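Values in this document were obtained by computation on a predicted structure and should not be read as measured data. Along the sequence shown, the residues carry numbers beginning at 1.
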Amino acid sequence: MATRKELRAGARARVAEEKAAKRARRTELKAMSPEERRTAKAADRTAARAAKKQAKADRKAAGASMTRAERRAMKRRERTYRRVKNRPRRLIGWGIAAVAVVGIVALIAPYAAGIGRVTSITFTDDTAAAAAARDAAVPVAEAVSDEGIVLLENGGGVLPLAGGAVNVFSFASFNLRLGGGGSGGAAGEGAPTLYEALEAQGVDYNHDLYAAMEDAGAKHETGSSNAFVQIAGALLGGDEGEPAPDYLTDDVMAQAADFSDTALVVFGNSGSEGSDFTAETLRLSAAQTALLDTVTASIPNVVVIINSGNQMELGFLEEYPEIKAAVWMGTPGPQGAVSLAKVLTGEVNPSGRLTDTYAYDVETAPATENLGNHSYENVGRAFLDYEEGIYVGYRYYETRYEDDEAYDEIVQYPFGYGLSYTTFEQDPAQPVIGDEEISVDVTVTNTGDVAGKEVVQVYFSAPYIDGGIEKSAIELAGYAKTSLLEPGASETLTVAFATRDMSSWSTEAGAYVLEGGAYRIAVSSDVHSPLVTFETEIAEDVVYDTDEVTGAALESRFDYVESDLTYLSRDDWGNTYPTAPGDDTVASEGLLALMDPEVVPASGDAPTYGADNGLMLEDLKGLDADDPRWDDFLDQLTLDEQADLFSYGAYLTASVDRLGIPSITMLDSPAGLNSLFSPLDSAFYPSEIVIASTWNDELAYAVGESVATEATAYGIDVWYAPGMNLHRTAMGGRDFEYFSEDPLLSGTMGAAMVAGAEQNGVPTTMKHFVLNDQEVNARSGINVFASEQALRELYLRPFEITVKQAQVSGAMSSFINIGGVWAGGDEQLLQEVLRGEWGFEGFVTTDAVLGGWMDPVQAALGGNDLMLSALNPSGTASAIKSAAEDDPAGVGSALRDRVQAVLLTVLQTNSFD
């Protein structure tokens, strides 16, 4: 077998050959005319796809005739090659990150006032009420992690653990990833370790093995709770991962085999704000593979624990006969180890279901083709094309491989998948189908030997017309979860959804269209496994051209976001499949104009400033926004005061004492209240992906309710949560912070969390609105292009559900430029869709103001009410004040509207209880 040195040398030679070939090809292309170059590049892309497909087929064919050892050797060669190939790009990224961190430090001095302001925030976290709130959060977090754990495999009766002794392997077992990093993360100080949790469950772990790992360098480290440190650590590659298992000597393994015939092996990774994964980082490393080789050579029964908030490639579970069981625990929060131990011993019967599709190869998702870093030749900005259209997650796999035997070779675990220690029977009644609503009653019976909970999943399939509106072969329509059912017990659940939900967005019609034809409704155990299927007929097309809640007229609004891209179509998978853009992409004059819009002063009257109408803010509590007394109150504000109320939006808003306007405090994160600048003793919770994996809206509500109780005790007024972006790919650095690849599940979970907080007195801000689905270049104002159908049906949908079901008070606009227009200054997004179509009545805040594209003038005009400017709020205030003086009827009036939205929110907080 080749040594590591030999493998690396071979990989470097292979990479060098490829680079030389690419350089030669670039020289050839430069000598061509533009038309010849475009044609040649298209041919290159086609050839590359064919070569990739052929190489995969060759590897599969070769593997079929190899021994297991030969297959492993081949995989090691390929993994080493990929690491060597990708290392320069990662190092460049880390180098830029290091420069950025140093640059930020250098920039702090001029912004000392802004930093001093946010670091001065204090909290009442040392009171009896605060302590009680933190104590009450613990069982909530544990209930979520209990139900969010997913049982992936369970062969040979290994689980629940029958004996009282087990070997635990991997350095990762010392430090379970309980959450992610950044503003949506949390630290694990004080959380029970896996070893403590096993002991509490009466499981005796191998202390000699534990000592061997300690001697080799394994240690318990909780990590920093500071978001900036977490982000920097992720950017700079601070997680060293699993070391080579040289410490597992023959003597150590012999002792382990004598101690128990069962082993737990933990693998995982944790994402962070500010960086994304590569495909390679979602695969087992060479050291992790070596660990499995060593363990399976001595221990016959292995249980693998997947401790990751992203979809890892898990094909290795099928390569070792000794792996009898596998459990996904996500990033499960402070009680994650406790919940895992209870699931392993059977005290808790696992009832979680996956919220994503797990493919054997994460790069088979079409969105991965153009993920990452692409820049224009003529302007300093990156761009990203969502050429996959609506075909994200299961919408791609279930459509592309519908009735195709290749499906089982592509997808390992479908969306909605999960096992139990018991068995259930689902008996659905005939659906009740109406013009407005469809409902299905499903009686669930526990037919096994132990108590458990079951998830009922209902899907629909709409008819597709070749060349017509793009449609997924199947979509989630609704779901419900039983209570704990004892053996033999039954419960009837009703899953209802709007008939309109089966329609598709037609950009041509500017409306949702429910096309006539045969529809299928399936009650399923997961998206790919129908239990019972029903058919119904829609007689003729139904066009929905108004919003079902507000009655507002619908229309196609996002042609500038669609651009002139070719989007993936099920009518022609091959010729429409996404391709990475070339190095010669030029931003058009029209796009440049969108990126740097000209503000034309408006005609009309300037607002009134500084009037004396004798009103205090509390006098307006309970009044509608259009009550004339609001005009009288707003007339009292000076331009300086309005500029400050708009600009000082980072964690602590401005106050105007003379008018009774208090400042309010706003904090991250979806995993619990997280102060980036000031100390705060608070509870934390499972990541959103684990909350969604419960498929239990009541638990999502309980998290929101618990955080609201804490916020009230600490004196915090607004919660920056939940995260509502989608898992567009498995590589998203903040996938742990978002719920799912599916917009319906994301929306209903988000709405439940929002309702839990807002019904208990704490306004929330759903985020990041919209298209913030990767971290690379997000903070440099990347241009993102997507079809309006994908925008409407996927990326906007979770936010729409949350607005309509939970009446959310706030939204956080994203860093992203949709098309060329910054999301925080996009009138079509914030005014026409969010407020106009959906009826949103709350406030919009920016994400952290980090660049010049996040223009306060565009924010005021576009409908963004607060600037989250932590470093330089005075600069923001000066800019908006100057613009309002130059354009009083336009910018001045817009600023007044923005301030009213902020003050309406202030009135909703506990400040006026």
Side-chain angles (χ1 to χ4, degrees), residues 367 385-396 399 460 462 464 468-472 475-477 497-515 541-563 565 567-570 724-728 740-748 750-751 766 768-773 784-805 811 813-814 816 818-819 821 823 826-840:
D385 299 332
Y386 283 27
E387 289 182 319
E388 71 281 357
I390 67 166
Y391 297 108
V392 173
Y394 73 77
R395 282 169 166 76
Y396 171 69
T399 309
F460 72 85
Y464 171 68
I469 302 172
E470 294 298 328
K471 295 178 185 177
S472 171
E475 292 184 36
L476 180 67
F497 58 98
T499 306
R500 175 181 177 133
D501 287 351
M502 298 195 300
S503 65
S504 302
W505 177 262
S506 167
T507 301
E508 182 180 359
Y512 289 96
V513 179
L514 183 70
E515 292 187 310
D541 291 0
V542 181
V543 177
Y544 302 103
D545 56 8
T546 59
D547 187 271
E548 75 277 17
V549 173
T550 66
L554 303 179
E555 62 180 81
S556 293
R557 302 182 183 277
F558 297 105
D559 60 320
Y560 59 96
V561 186
E562 286 212 348
S563 188
L565 298 176
Y567 291 100
L568 186 59
S569 173
R570 63 187 290 182
M724 304 292 294
N725 299 103
L726 295 186
H727 301 166
R728 176 175 172 252
S740 171
E741 69 185 28
D742 180 73
L744 174 65
L745 183 60
S746 298
T748 51
M766 57 183 187
H768 308 88
F769 192 58
V770 64
L771 296 180
N772 198 156
D773 307 298
V784 177
F785 298 92
S787 72
E788 180 149 357
Q789 184 183 6
L791 259 176
R792 295 276 188 172
E793 293 185 14
L794 273 67
Y795 301 105
L796 290 174
R797 184 64 175 152
F799 297 96
E800 180 181 7
I801 291 170
T802 303
V803 169
K804 293 177 178 178
Q805 291 188 6
S813 57
S814 70
I816 303 304
I818 59 172
V821 181
D826 191 323
E827 184 177 4
Q828 290 298 316
L829 178 69
L830 302 182
Q831 298 287 62
E832 301 302 328
V833 172
L834 178 64
R835 291 186 168 102
E837 291 184 13
W838 301 349
F840 175 77

Side chains of [X] and [Y]: closer than 4.5 Å at any heavy-atom pair?
X	Y	result
V513	S503	no
Q805	T748	yes
F558	Q828	yes
F769	D826	no
L834	V803	yes
F785	Y560	no

Give, for atom [atom1] of [X] and atom [atom2] of [Y], the distance between the pair rounded to the nearest 0.5 Å.
X	Y	atom1	atom2	value
L771	L796	CG	CG	7.0 Å
R395	L476	CZ	CG	8.0 Å
L744	I801	CG	CD1	5.0 Å
I469	S504	CD1	OG	5.5 Å
Y394	D742	OH	CG	3.5 Å

Can a donor-acceptor pair be found, under 3.5 Å and without considering hydrogens, that links the side chain of [X] to the backbone of [Y]?
X	Y	value
Q789	E470	yes
D385	E387	no
D773	L726	yes
E562	S787	no
E741	G393	no
S472	E475	no

Can you see which heavy atom on [X] is nearest to which on [Y], and at what distance?
X	Y	answer
M502	F497	CG-CE1, 4.0 Å
F840	R835	O-CG, 3.6 Å
T802	G750	OG1-C, 4.0 Å
R728	A367	NH2-O, 3.5 Å
V561	V784	CG1-O, 3.9 Å
M724	S746	CE-O, 3.6 Å

Query raised in the report: What residues form a side-chain contact (heavy atoms from CB on, under 4.5 Å) with E837, not counting sequence neighbours?
Result: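 Once residues adjacent in sequence are excluded, the partners of E837 under the side-chain contact (heavy atoms from CB on, under 4.5 Å) criterion are L554, R557, R792, V833.
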Query - Check ion pair E548-K804 (N to O, under 4.0 angstrom) - result: yes
Query raised in the report: If you draw the axis of the six-membered ring of Y464, does the NZ or CZ of R570 fall within 45° of it and under 6.0 Å from the ring centre?
Result: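 So R570 does make the cation-pi contact.
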Query - Aromatic ring proximity Y386/Y795, centre distance under 6.0 Å - result: yes
Query raised in the report: Under the salt bridge (charged side-chain N to carboxylate O under 4.0 Å, His left out) criterion, do R500 and D547 qualify, and how do the steps go?
Result: CA-CA 11 Å; R500 175 181 177 133; D547 187 271; 5.4 Å; no
Requested in this report: Please work out whether the ring planes of Y512 and W505 are parallel, tilted or perpendicular, with thresholds of 30° and 60°.
Outcome: perpendicular
